[in-house]
**Student:** 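Dropping a structure here in structure tokens format, bear with me for questions.
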Amino acid sequence: MSETTLAAYAATSAASKGRRIPEAAPPYRGEFQRDRDRIIHAKAFRRLEYKTQVFINHEGDLFRTRLTHTLEVAQVARTMARVLGLNEDLTEAIALAHDLGHTPFGHAGQDALNECMRDFGGFEHNLQSLRVVDELEDRYVEFPGLNLTFETREGILKHCARKNARELGELGQRFLDRTQPTLEAQLTNLADEIAYNSHDVDDGLRAGLLSMEDLAQTRFIADLLDQIEQRYGAGLSQKKLTYQLVRFMIDSQVRDLVETSRRRLADSGVDSVDAVRARTDTLISFSDDMLATHRELKQFLFQKLYRHHRVYRLLVKMKGVISDLFRALMDDPRLLPPAHFERASQLEQAAGDHGRARAVADYVAGMTDRFAIAEHERLFDPRVLD
Ligand code: MG
């Protein structure tokens, strides 16, 4: 991809707001390609393989993990970026980094850690993804973290509470001004939604927690099932029908987003990244009809899948793992591995209990599902003598 063929409102390396520690331009890659490569080489990226998306990582080898979810988001986002003339490299970098700060055990883990951190500034996975790339990855000599461009960091920080935004300088300013990030950031955010709406249906069917009959109660799925029947007849096997449904789901959402965004971009007359950033509304968006569809589908998935007895029971147990770990390590930081103990002591010296709690949260958030379970056994099961 050459940046010279991009639309006028796309982000470019040349117009980048740069890196926190200035570096010479890469000789054979663009700035955002360099960001993407640094993300892929990060330890936090490899750990995504063993972190839960919805189903606990070891429930079955065919379910999505954070890693396969991340790759699906990147793939959907890049396709849409190319169609809209946006910067595919920046889009890919944001997508690959967007879930780096996720705790083990998906949203249950994040909720549990946030609860543990209530008196110490809270825990928020978007902000944690930024901490990972800004501070926690420790591999370069010249700078802490990955020293990514402003644009990639801006895209990673999808949401941010105002009190946190105030501490982030230029990166947090848009949450105070209520303005927008680049179109690439807006697009990746919605690609995330397209990916999980579609693959959660797939995984839910595979796990036997959702049935096709249940799903057909939503208008969106009923319409798509009709289209599939028109094209392929009524005799598809359950397996083929599921694959076709997921395919049609992704396709209809992508098409809706591309058409709606194209229209909005043309109507707005924006002709630069600055013009995009100055706006209070997003220009990359689904149609009102698709937004209503999403609301209905989300409500359905919440009740039937995310709150399904089997999913819920397991997630409550995993929440307990996170809060047990946090409490034990917070009460006695010597239970941390030596390097983390040292860091906790340093942060405690600088910021008291808040500092110690942050170091413990960083350690717990970085764990994979299986490491958290094993560490829980090592700390609490007297029969485990390790
Ligand atoms: Mg995601």
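Keep in mind that the numbers below use all heavy atoms, side chains included, and drop hydrogens, waters and symmetry copies. Each ligand, and each atom within it, is numbered from 1 in the order the structure gives.
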**Student:** For atom CZ of Phe371, decide whether the heavy atoms of other residues, nucleotides or ligands shown that lie under 6.0 angstrom number more than 12.
**Tutor:** yes
**Student:** Where does the angle between the aromatic ring planes of His376 and Phe380 fall among parallel (under 30°), tilted (30 to 60°) and perpendicular (over 60°)?
**Tutor:** tilted
**Student:** Take atom CG in Asp288; do more than 12 heavy atoms of anything else shown fall under 6.0 Å from it?
**Tutor:** no
**Student:** Salt bridge or not between Arg219 and Asp289? Use side-chain N to carboxylate O under 4.0 Å.
**Tutor:** yes
**Student:** Could you tell me whether the Mg ion (ligand 1) has an N, O or S atom of His69 under 2.8 Å away?
**Tutor:** yes
**Student:** By atom name, which N, O or S atom of Asp192 is the nearest to the Mg ion (ligand 1)?
**Tutor:** OD1
**Student:** In Asp99, what N, O or S atom is nearest to the Mg ion (ligand 1), if we give its atom name?
**Tutor:** OD2
